[in-house]
Amino acid sequence: MSEGSTRATGLIAHVWTGLIVLLLVAVRIPWRVANPPPKSSPTEFGKWLIEWTDPAARTMHYVLYVLLAAVPLVGIAFLFARGHSLSLFGFLEIPSPWSADRALARKLKEVHEVLGNLLVILALFHTMAALLHHWVFGDNTLKRMLLHFRSRNAH
């Protein structure tokens with residue numbers, strides 16, 4: 001976006017979205033540890049599939065959680081490296097703990113963009129894998145995810 005109020009508003013929305021994601025991850029990870037997903041009950045066809053996809057899915061979850069935390073944290077570091085403060089939803093401003101450093105800011109911006117793109121790509125891959133399980137393999141992976149979410153929110 002070109003310089004101006006639209007760009008400033010977009011940047012604020014971007015930062016606040018990152019803060020919301022960071023807050024959700026901070027709540028989600030302990031919740032996930034306390035409420036592990038239910039075990040699957042594979043069909044005969046699915047038994048061989050789960051042997052190699054279960055570790056892959058578990059690894060994917062860990063990588064997604066790390067990225068969901070790392071992308072906003074690197075974004076905050078980028079703001080600070082530019083010498084900007086961090087607005088916590090307009091209620092509180094956290095000033096940059098260091099002086100502006102253009103070289104560091106450029107590197108952090110690059111890392112933020114690469115990690116953000118990786119997060120989107122892996123999230124899309126993860127979504128496609130869930131749909132593949134549901135439509136092609138006909139197992140209960142997607143249903144387990146939805147039932148686990150519903151049963152935990154009903155309490």
Side-chain angles (χ1 to χ4, degrees), residues 9-82 84-98 104-105 107-155:
T9 302
L11 180 60
I12 289 170
H14 181 86
V15 170
W16 288 5
T17 300
L19 289 173
I20 290 168
V21 167
L22 201 54
L23 287 171
L24 290 172
V25 168
V27 170
R28 173 67 174 147
I29 290 174
W31 183 86
R32 176 69 188 253
V33 169
N35 299 284
K39 297 288 182 202
S40 63
S41 51
T43 61
E44 280 302 314
F45 170 75
K47 285 182 184 177
W48 69 270
L49 186 65
I50 286 178
E51 286 179 18
W52 70 271
T53 59
D54 195 47
R58 192 176 326 279
T59 301
M60 176 67 82
H61 286 141
Y62 294 140
V63 170
L64 287 171
Y65 285 132
V66 166
L67 288 171
L68 283 168
V71 171
L73 290 173
V74 172
I76 291 168
F78 166 63
L79 273 179
F80 288 159
R82 292 191 68 196
H84 297 295
S85 60
L86 173 65
S87 170
L88 298 178
F89 307 107
F91 295 112
L92 180 68
E93 291 271 328
I94 299 174
S96 176
W98 59 79
L104 177 61
K107 289 177 185 171
L108 287 170
K109 181 181 181 192
E110 215 172 287
V111 171
H112 180 66
E113 289 173 353
V114 168
L115 292 178
N117 288 333
L118 182 60
L119 175 60
V120 169
I121 291 165
L122 292 179
L124 288 172
F125 179 78
H126 189 65
T127 302
M128 291 180 52
L131 294 174
L132 180 75
H133 272 273
H134 184 70
W135 287 328
V136 175
F137 301 136
D139 64 18
N140 66 346
T141 301
L142 190 57
K143 289 177 186 173
R144 279 187 316 117
M145 290 166 41
L146 295 173
L147 289 173
H148 178 64
F149 180 74
R150 274 194 221 136
S151 68
R152 296 297 179 192
N153 287 331
H155 298 304

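Note that the coordinates shown come from a computational prediction; the quantities given were computed from them, not determined experimentally.
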Within a reach of under 6.0 Å around CZ of Phe125, are more than 12 heavy atoms found that belong to other residues, nucleotides or ligands?
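No, the 6.0 Å shell around CZ holds no more than 12 heavy atoms from other groups.
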
Between [X] and [Y], what is the shortest heavy-atom contact and its length?
X: Leu22; Y: Ala69; value: CD1-O, 3.7 Å
X: Gly90; Y: Ser87; value: N-OG, 3.1 Å
X: Val74; Y: Leu108; value: CG1-O, 3.5 Å
X: Leu115; Y: Ala70; value: CD1-CB, 4.2 Å

Just how far is it from atom [atom1] of [X] to atom [atom2] of [Y], taken to the nearest 0.5 Å?
X: His126; Y: His61; atom1: NE2; atom2: NE2; answer: 3.5 Å
X: Leu73; Y: Leu68; atom1: CG; atom2: CG; answer: 11.0 Å
X: Leu67; Y: Leu118; atom1: CG; atom2: CG; answer: 5.0 Å
X: Arg82; Y: Trp98; atom1: CZ; atom2: CH2; answer: 13.5 Å
X: Leu92; Y: Leu86; atom1: CG; atom2: CG; answer: 8.5 Å

Who are the side-chain contact (heavy atoms from CB on, under 4.5 Å) partners of [X], not counting sequence neighbours?
X: Ser85; value: Glu93
X: Lys107; value: none
X: Phe89; value: Trp16, Leu19, Ile20, Leu23, Phe91
X: Leu11; value: Val15

Which pairs pass side chain to side chain donor-acceptor pair (under 3.5 Å) with one or both residues in residues 113-123, sequence neighbours excluded?
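Qualifying pairs, neighbours excluded: none.
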
With sequence neighbours excluded, tell me which residues meet ring pair (Phe, Tyr, Trp, His ring centres under 6.0 Å) with His112.
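Listed in chain order: His14.
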
List the steps and the verdict of side-chain contact (heavy atoms from CB on, under 4.5 Å) for Phe78 and His84.
CA-CA 9 Å; Phe78 166 63; His84 297 295; over 6 Å; no

